[in-house]
2 protein chains.
Amino acid sequence: MAGDRPRVAPPQDVALIGRSTQQRATVLAALVTAEGFVSARALYNRLLNGGSPVGLSTVYRTLTALAAADRADVVRDTNGERLFRYRPGPDHRHYLICTECGLSLPVDSGPVEKWAERIARTSEFANVRHTVELAGVCPDCGRRHVRAP
Amino acid sequence: MAGDRPRVAPPQDVALIGRSTQQRATVLAALVTAEGFVSARALYNRLLNGGSPVGLSTVYRTLTALAAADRADVVRDTNGERLFRYRPGPDHRHYLICTECGLSLPVDSGPVEKWAERIARTSEFANVRHTVELAGVCPDCGRRHVRAP
DNA sequence: GATTGATATGAAAATCATTTCCATCTAGCG
DNA sequence: CGCTAGATGGAAATGATTTTCATATCAATC
Ligand SMILES: [Zn+2]
Ligand SMILES: [Zn+2]
Ligand SMILES: [Zn+2]
Ligand SMILES: [Zn+2]
């Protein structure tokens, strides 16, 4: 198995999670290209079809590491499956996600950040983190469902 | 197996999720008594030890039904496990939960509800729901960790 | 460019929460 | 008292994620 694997431009980010390997660059590139939330399995399949197979465990490891390094946002879909989305900037974001097609839009979370901070401050709790997700049906999917089963 | 199972006062709520059975009353009573978030398995064990065993599948079914009937709030812990908490009132709540001991406190969520509503309104999305959770380390658990591994 | 030790990979097996199956029970009603 | 739709529970199935461990490869050093 030498060398005929398509090289993907490894964004500098790869270095942030340890050694810079071919697989990590591939997974990261795929995540960036996805432009939305994807599951580990979906990414795995995408790479498989694309001719750049990466082991499923490696996909999981890479995505988990990216999330830990704040390079990816993570949400859980209704079945409890984890979905990952590449995050360009340093600050975390919150999204409005379509439960039908997965379309995700960052929302203005300023107010909710302030609220969370205030709660954290006035509580005696330490190291307070928050999870905020909005989910609904996007216009396209809604249109598609008018009077149809 | 006749009749020596301790009767638990079935809150009227049992009726809300179909037939009023002994098991559902038992599960609901245990959930109320828990006074915090519990997993299905934890509740199952509690009942087992308490001498009022209820099948695990039934525990799951009951908790799921209670949640669907807005009688319980649900969160996911860091491992993706679902935790349930009995909800006395009609309105949903959000909590500040201790990641160490599970202690959960309802927080004032007025501002975040308004925020979520505004986002929902200004987006074109339909049927928008939200998930909001705060998690940290409670005073007791924090104290317990000072300078200790 | 060869050596090498720390890391990373991946296929398969293991975990673990949750669901489904299905044979058996029972609440609720006439 | 029956009757039956709905409920139960133990076992088996499902499905995502993690672990295992033998093998491969990064990257620093000679
Ligand atoms: Zn959609
Ligand atoms: Zn935030
Ligand atoms: Zn605590
Ligand atoms: Zn709310």
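Excluded from the calculations below are hydrogen atoms, water molecules and symmetry mates; all remaining heavy atoms, backbone and side chain alike, are included. Each chain gets a letter, A, B and so on, in the order the sequences are listed, and its residues count up from 1.
Side-chain atoms of B/E81 lie closest to C/dA17 of the nucleotides D/dG9, C/dG5, C/dA17.
Remark: C1' of D/dT17 and CG of A/N79 are 15 Å apart, rounded to the nearest angstrom. As rounded to whole Å, 14 Å separates atom P of C/dA8 from atom CG of A/L16. Between the C1' atom of C/dT18 and the CG atom of B/L83 lies a distance of 14 Å, rounded to the nearest Å. If you take CG of B/L47 and C1' of D/dG10, they are 17 Å apart, rounded to a whole angstrom.
At least one side-chain nitrogen or oxygen of A/R24 sits closer than 4.0 Å to the OP1 or OP2 atom of C/dT9. Phosphate proximity of D/dT8 to B/T21: present, with a side-chain N or O under 4.0 Å from OP1 or OP2. Neither OP1 nor OP2 of D/dA7 sits under 4.0 Å from any side-chain N or O of B/Q23.
Annotation: side chain of B/P111 is in contact with side chain of A/R118 (closest heavy-atom distance under 4.5 Å). Side-chain atoms of B/I119 and B/F125, non-hydrogen and from C-beta on, never get closer than 4.5 Å to each other. Contact of the B/Y86 side chain with the B/L28 side chain is registered, since non-hydrogen atoms from C-beta on lie closer than 4.5 Å. Contact annotation: the side chain of A/F84 never approaches that of A/L66 to less than 4.5 Å [non-hydrogen atoms, C-beta and beyond].
Applying a 4.0 Å cut-off to non-hydrogen atoms, none of the residues of residues 33-44 of chain B approaches DNA chain D. Looking at residues 56-72 of chain B, you'll see B/S57, B/Y60, B/R61 sit with a heavy atom under 4.0 Å from some atom of DNA chain C.
Applying the 3.5 Å distance criterion, the base of C/dT18 shares no donor-acceptor pair with the side chain of B/R82.
When the side chains of ILVMFWY residues are joined at heavy-atom separations under 4.5 Å, either directly or via intervening members, A/L105 and A/V38 end up in two distinct hydrophobic clusters.
Sequence order on DNA chain C of the closest nucleotides to A/R19 and B/G18 puts A/R19 first from the 5' end.
Side chain of B/R71 to main chain of B/I17: no donor-acceptor pair is present (N/O by atom type, distance under 3.5 Å, no hydrogens or angles).
Atom-to-atom distance recorded for A/H92:NE2 and A/S109:OG is 6.0 Å, nearest 0.5 angstrom.
B/N79 approaches A/R76 most closely through the heavy-atom pair C-NH2, 3.9 Å.
When only modelled atom types and interatomic distance are considered, B/H130 and A/H94 share no side-chain donor-acceptor pair under 3.5 Å.
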